[in-house]
Structures are given as C-alpha cells and as structure tokens.
Amino acid sequence: MKKLHVPSWVTLLLRNSKSRLGLGILLGILLLAAIGPYFAAKDPNAFSLLDARQAPSWHHLFGTTDQGSDIFAQVSVGARRSLLLGIAAATLATGVATIVGVLAAYAGGIVDDALNSLINIFLVLPPIPLLVVVSGFLKSRGLWTMVLALGLVLWAFEARILRSQALSLRNRDFVNAAKASGEPTRRIIFGELMPNMTSRIAAAWVLVFYISLLTDAGLEFLGLGQLDKPSWGVTLYWAQTNSAVLQGEWWSFVFPGAAIALTVIGLVLLLSGIDEVSNPRLRAEKTRHSFFARMRYALMGGRVAPHAEAS
Amino acid sequence: MRWLLRRIVFYIFAIWVAATLVFLLPRLMPGDPIGGVLQHITPAQIQANPGIIQTYEALLGGGKGTLWQDYLRYLHRITHFDFGISTSNYPAPVSDVIGRTLPYSIILVGISFFFAFVIGTTVGMIAAWRRGKTLDTVVVPALMSLGAFPAFFIALLAVYFLGLRLGWFPIQHAYDTGLTPSFSWPFISSSVRHAELPALVILAAYTGGWVLNMRTVMINTIGEDYVQVGFAKGLKDRRVMTSYAGRNAILPPLNGFAAQFATAVGGVVVIEFVFSYPGAGLTLQQAVLGNDYPLSQALLLVLALCVIGANFIMDILNLILDPRVRAS
Amino acid sequence: MTVSLIDTPGSTGSARSSETLIEVRGLRVEYGIERPVRAVDGVDLDIRAGEIVGLAGESGCGKTTVANAILQVLRPPGHIVGGSIRFRGQEIAGLDEESLRKFRWRNVSMVFQSAMNALNPVLRVGAQFVDMMQAHERISKKDALKRAGDLLEIVGIDRRRVDSYPHQLSGGMRQRVIIAMALALEPELVIMDEPTTALDVVIQREILQQIQDLQRERGFAVLFITHDLSLLMEVADRIAIMYAGEAVELSAASELRTNPQHPYTVGLIESFPPLTGPRMRLTGIPGTPPDLGEPQVGCRFKARCPYHDPNDAKLYDRQNTERPVLREIAPAHFVACHRVEAGT
C-alpha cells in the first residue's frame, strides 16, 4: 500500500542521465527563444533580394531564404511560437485527458462506457488528415486556433492510458480502504488517486507537447499555417515550395528542421527519464564496475545463472 | 466471439460518426465557408464546372434544403460511393480520383509500416533479452534517436543527401515520367524504385518507437514466473525468448499498432508531399489548398475508414494470438 | 566419482539407497552488485535419494533462493557468490550451458510457488509438456502429447485437458499440471516451493495426499519448502529450519517435534495451535528479521531470542560477537545456537 511521494521522483528525475540530457537540450532551445531574437537584430520577415539565398555566414548565421529573410531570426522567433504552442496544447490536452480518464475510471458504469466509447471514436480518426481538412476551412490559422484544434484532437490517446491507470489504482486496496473509512470522493480522487498518477500525467504532458509540435510543423509544412508569421514549419514550407532543397540550399531546411528535431529529442529523452524513474525495472543495473565484483564473476567462471549476467 | 461482435458494432458506429463528422465539419466551422468559397469562384470556373455552385452548397450548406434533408441525401450518396465531382479535377468524379491514388498510399504505408513493426519488435525483443550487449547499447539508442526526428525532416534529409547528392534513389513521383500505369514490368519496377526512398523514410521514422515499446514490455515480461519456469525446464535460450517471453510481450504493442496506424496515416501525408508521391496523402493536401471540398472531405472519410480497417485487422490478429481474448 | 549427469537413470520404486543426491556446502547468494543483499549466507544441506527433506522458515529467510540456486535459475540480480552445490558429486555451479540445460528438469525438477503464473498463458498445456520433452530427448510430438495425457491422468486430470489453455483451468488443476510437469522426465529430486500455499484448504489436502502417493510410488526425493512447519512435521523425513539466510536447525522430523532445540524452532512450533489436545496460550515471536542488506555480526536471532540477556554476560558476549555454527548435539540433530552448544 505504498503511495508515491511527489518530491522523490522529481529528484530522481534530475539525477537520471537521460532526463538531464533532455532538460539540457530544452534549456538550450528556451535560451534560443528568449535571447535569440535580440541577437538576430533583424526582422524575420524583412526581405531583400540582394541578400537572397545566401549560405550561412557571420552576417546571417543560418543563411537566408529565397526572399532574403534571415533564417536565424526566423528560427529564434519561431522557437517562441513553438514552445508556447507546445506548452499550451499539452496543458489543454492533458487536462482534458486527465478529467475524462479519471472520471471514467472512478464513476464506472454507464458514464465509463460512454466516455470510453467517446475516447475510442476519437482514436480512430486520423489526426493529421482531420487537422488538414479543418485547417482548410479555417479562415484564421493563428496560434490559439491551432492550440485549440490540437488539444481537441490529441487528448484521446492519453485519456485511454490515464483511464486504464486510474482503473487499476481505483481497485487497489488503499482506495477501498479510504472509501470504507468514509473519505469524501473529492478527497479520494485528489488525495489518494491523483498523487499516484503524477508521473503518468507528466509523461502524458511531455508526449502531447512533442506530438503537437510535430503535427503543427507538419501542417505548416504542407502550407496550411500562417504563411506570414515566422515559425519553423513555415520556413520549411517555403524551402520546399521554392525548391530550395532541389537547388542544394541545405541551410534553408536543415536549421529549422534541426530545431524541431532537437526540441523533440529533448522531450523524448525527458519522457524516457520519466519512464525509467517510474518503472525501476527499466533502470540499467550498474554492474561490473567494482574490482571485487569482477573478480567474483571471474572466479565463478562467468557461470552464474541464466541471463543473470545482470547487465 | 462475443468480443469480436462488440468490436464490429463499435466499428460500424465509428464509421457512422466519421461520416457524420465529415458532413458537419464545414457547417461547424466559424465563419462562413460557403460564402468564402463562393466569393472566390471565378466565372471561368463556373463555365468549366456547370454544377459547381450546387456541389458546394450540397457540401457546405447554404443551399435550399434543411440540414436534415442535406444529411439524409448525403448518407444516401455515400453508401453508393458517390462522393460527387472533384472540382479541381473536373470532370473526374471523386471516387475515380481516390481510386487512382489510394492504392499507392496503401501499398507504401501498408508494407513499410508493417515492416517497421516487425523489425522494431524483433529488435526490441532481442535487445531486452541481451541487455547491455551491443544491440541494446548501440543499435537501440540509434534507432530511437532516428525516430525522434520528425518524419518529414528525415524525408527532406533523405531527399537531399541520398537523392540529390548521392543520386542513389529517384526522388519524385511514383514512377518515371513517360510511363503509364499497367501491369507491365517496366512500370512495376519503376514504381518499386520510386517507392524505395519513401519506404525507407517511413522505416527510419517509425521503427524506433516499436523498439522502445517492445523492449519495455519485454523487460517486464522477463520477470514473469513462467519465463523462469521455461529455463528451469531445460529449454533452449532462444525458445524461452521467443515462445515464452516474446509471444506474451508482443500483445501490448500489437494492440498499440492500431492506434499508431492513425499517426502513420498522418505521417504519410507529409512524406508524400516531400516526394511528390501521388498517393491519397498528397491528393488530400492539394485538395485542401485548392478548396476542392468534395475531394478533401471524401478523402478524410476514406482515410478514417482505412484506420478503422487496420484496427479491425489488428483485432483479428489479437484474437488469433491471445487465447484469453478468445475465451471472453 | 563424477557420474555423467546425462546418463543418470531415473529413480525407480524401491531404490531407497542412502545415496546423497544433493550436497550443498557453504552456499552464499547475493542480490544486486552495488549494495548487495546476502539472502543466503553459508547454508549446508544434504538431500538423499528417496527422502523428503523439509525446508522451513518465514518469508524472506532465503529458502526459495536456495531452491533456485540448486537449479541455477536465480532471478536477476541474484547470483551465487560462494559455496558449492553438488549433484551426485558433480559441481553444478561451474557447468557449461549445455550440460546445465540437460541437468535441469531431468535430474532435478521444481514445482513452483503460485502455479497461477508458472504456466505460459499463450501456449496450450500440452505444448508446454511437449517442448520440455523435446528439449531433452528425441520424441515425436504425437508421442509427447500422449505422454502428457498420461501424466495428467496420474494427477487426476482428464487427459483431454492437454488442449486447454492455462486460464481455462482452476487453481487446483493448474497446480496439478505443474506437478505432472515436474514428474514428466522422472527426476530423482523434485523441489516443491510452497506447492499448496496459494490453494484453499480442501484442495491443499488433496494435493498433498497426491504428492505423498506419487512419492511413495516412484521414490523420488523431495525438497519441500514451506513456512508451514506443522505441515512438514507430517510429511517430511528430515527438516531444516532457516532463519535470515542461515540454516539454524537440522534434524529428523520426529526428533524436531519432540525435541526442538533452537529458540526460533521452538517459537515456530508454539505459534501453531494443534488441532487436538488441550487449549494453550499461543506465543508468537516478537520482532522482525534483520535487514540482510546490512552486514551481520554474531547471532542473527539475538534481537528476538528470549535467551539474549545481558545478565548472562559470557553468553551475551558470544551472541553479540560470534556467529553460531551448526553442530551435532544429538545423533543426526544439528543446531546452530551458542546456548544449546554450551549445554544448558
């Protein structure tokens, strides 16, 4: 009947090498978003045909686009947009998923059946085609519209996972004990159930963050974004449409693409860290580091037990 | 068996919801899509497409019928596979356009995504079994890092490096220009050649996820009692890995396959765009940009149907592989 | 004296030789490498052909670990760090993989605790017999299935159940299947780890009866592991008591019942009410076992022992500093206790 204490896994997370690396990368991106635009000192939308299609140089750190816009400015201003979008969409989707998942699991019965069916229906609708069509209808494709659209489309995946976790927790003894001793429902949900789900909710948040990043970038890449506001996906769209790739102008897509990739990798590493912390079996056993341990193995002729090489 | 029947009922329900959603979508959007579209229609278009205004009205509302009447007419039409006329491909009916392009996507995604699953779960299984050895410490992180890159970025890199710089693969379209679709060898071999790079990109992008998933489940499964018993019985290492641990560990990822398929369908849209590969994905993108609502909505419905179909196939596989499901 | 394990004949009915099958000496097993927990710390145990040896102790005392060590199926991160295990004189721990594989199940098999999870859920019962048989001898699938059916009948299950999946069987049936599987290759020793603990009392009785009948018929040795000492007193020939990773008492069952020596054994016996006889006050054993992650000094039972008394200075000192060793205090009766040794 153990309850997870929130602080302990957070500190474990900071000690885990994967999540540390991930957080480091994300910090870098954050820095780029915060300080980069000031370094660029150029309007990301300003174009000048004189400077067009230039490879990276000291003057234009990431080179210029077909119209002569500075790519570094676009990438760093775009970073702000992407981070904001990711955080907002993740919070929205995770919030909805948690509410639906926990409600379904706790209420049970018809409510659960109905919510579960709702979740399953949302799961069979392919998100990107749906968003593509929706974007086609929308007149404004601003940041908050995208956040709303992403949140509404992506919540189902995590809702299913959170519901099944809430279900398994709900049937555990400590919840039944709380119910039997007359604890009010609200306290049971917030005091007993949810604290045990924090790591999964955090994992869900990170997951939706990077999926919405990818989805948004994908949509913009297809030409369905706001073509005048600087963002990673839009920069890539212009690169593709102006055949920059085919003309060998690698800088026009490598930098924005790498920015997306790095942010996603940072988030994925963070997610791995969360997974490893919440499931101790996944943690690698540090073995054969001490001299004596190695001696023991050598003396036993390396033969101890099947796959107990404990690597 | 009862379980399967319940799933089928659910799928029929899901299809109905998808169809209704597709119907309602334009009418739910803020603003006035029909107005916006009508504003942009040029007289030249009306001349080329005599029925274009009615087509749009039937789809987007604003016409003569009530919502309910339009809905019933819509349902009636789609059950006869009549999706209307594609405004950007006039006078081709939408079903024709879909029939021409969907097979390319199905073959591309079907084969490569399936292989990503098979290869990924196999690598994940072996990596978990031999933790700390080369496969686990080198190959797995490599595949996972690759998978963390957005699919279209990999596509762009592939086009640039493997296609443009090294010239190893053709980088555009589904077959060499000049050829016509037929069952002839030149066409088929050209198609295969052109599908290679997109398929590789899909493999690169999605295998890592399966490796991670399977490895995690496998590590948990290895701790189960029956695996220990397998060893105690004196079975060979490989048999315990595959028939005891592996066959049990694959069940959760298999269930996840169907959910992932929806993502893959999305990914293929972007990949086809990069390669100008004329599948349903590229067609969807062009339809949306060209305001070809009949085509884009029909495609959305068809793609949703594909996902439902994949889910159904996975359910059947689950039935075959997990005897506990058969019992319920 | 080393006999090839592969050629060891199966046990036959009346061969009640006092041949030693298993000889465990100074076995030490640890879990983990960075901060290891020594679950078994210097255990000696002998198992002779045809006898039933009971291994009793509370949860966590190391008895399952000893069993797993004999078959070399320790769960990672468990590994043997010292001592030897010999089967008919041949050292098991150093065996190459192939010989180990052949040794397993054929010479020594095991009935695992909680049969719920011991059977592979995705394979039919029959298939789980077949793969085991085919791993050890040349036999066709058809013949193997037939033998599997025979074995099921022996434990009282309809032979058509070879086609069933584990989840289609009740708990008691699954346990019987496990027992049938353990006997399939006619091993000389069957280790039974809490074979009846997870079952209800009525089934427990039946299964126990079955085990005894089979043992009488086929003459295999049994290492019966349980925390239920009263059970062992009925069934076992000799009993070993384990506490905190050590063997603290070893004697014939009858001797143990009438003349238990180690305070822990006494405590255990007095914790079980007899079904018949006068009502008596039950005493438990206060306290908890020591944390085996910490290094142990002196007697491990001292914290809970009624004879650990600072007033008895010399004994007290010895209990605190010197580790008790198994000594023969009566014919074939071994105890590891300073007080008993001192001949109180």
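What you are looking at is a predicted structure, and each value in this text was computed from that prediction instead of being measured. Labels below follow one simple rule: chain letters A, B, ... track the order of the sequence lines, proteins then strands, and each chain is numbered from 1.
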For a quick test of reading the model, state the closest non-hydrogen atom pair linking B:Phe153 to A:Gly257 and the distance between them.
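Here B:Phe153 and A:Gly257 meet closest at CE1-CA, 3.2 Å.
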Distance-minimising heavy-atom pair for B:Ala262 and A:Leu123:
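Smallest interatomic distance, heavy atoms only, reads CB-O, 4.1 Å.
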Heavy-atom pairs under 4.5 Å with chain B are the metric here; pick the option from [options] that has the most.
{"options": "A:Asn120, A:Leu236, A:Ile260, A:Leu262", "value": "A:Asn120"}
{"options": "A:Val264, A:Ile211, A:Val268", "value": "A:Val264"}
{"options": "A:Leu131, A:Leu130, A:Leu219", "value": "A:Leu130"}

Under a 4.5 Å heavy-atom cut-off, does chain A meet the side chain of [X], its backbone, both or neither?
{"X": "B:Leu157", "answer": "both"}
{"X": "B:Val17", "answer": "side chain"}
{"X": "B:Phe152", "answer": "side chain"}
{"X": "B:Val274", "answer": "both"}

Describe, in one word, how the ring planes of A:Phe253 and B:Tyr160 are oriented to each other, choosing from parallel (under 30°), tilted (30 to 60°) and perpendicular (over 60°).
perpendicular
Short N-O contact, A:Glu220 and A:Arg81, less than 4.0 angstrom
yes
Looking at residues at least two apart in the chain, or sitting in another chain, which of them share a side chain to side chain donor-acceptor pair (under 3.5 Å) with A:Arg200?
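By the side chain to side chain donor-acceptor pair (under 3.5 Å) rule, A:Arg200 matches no residue at all.
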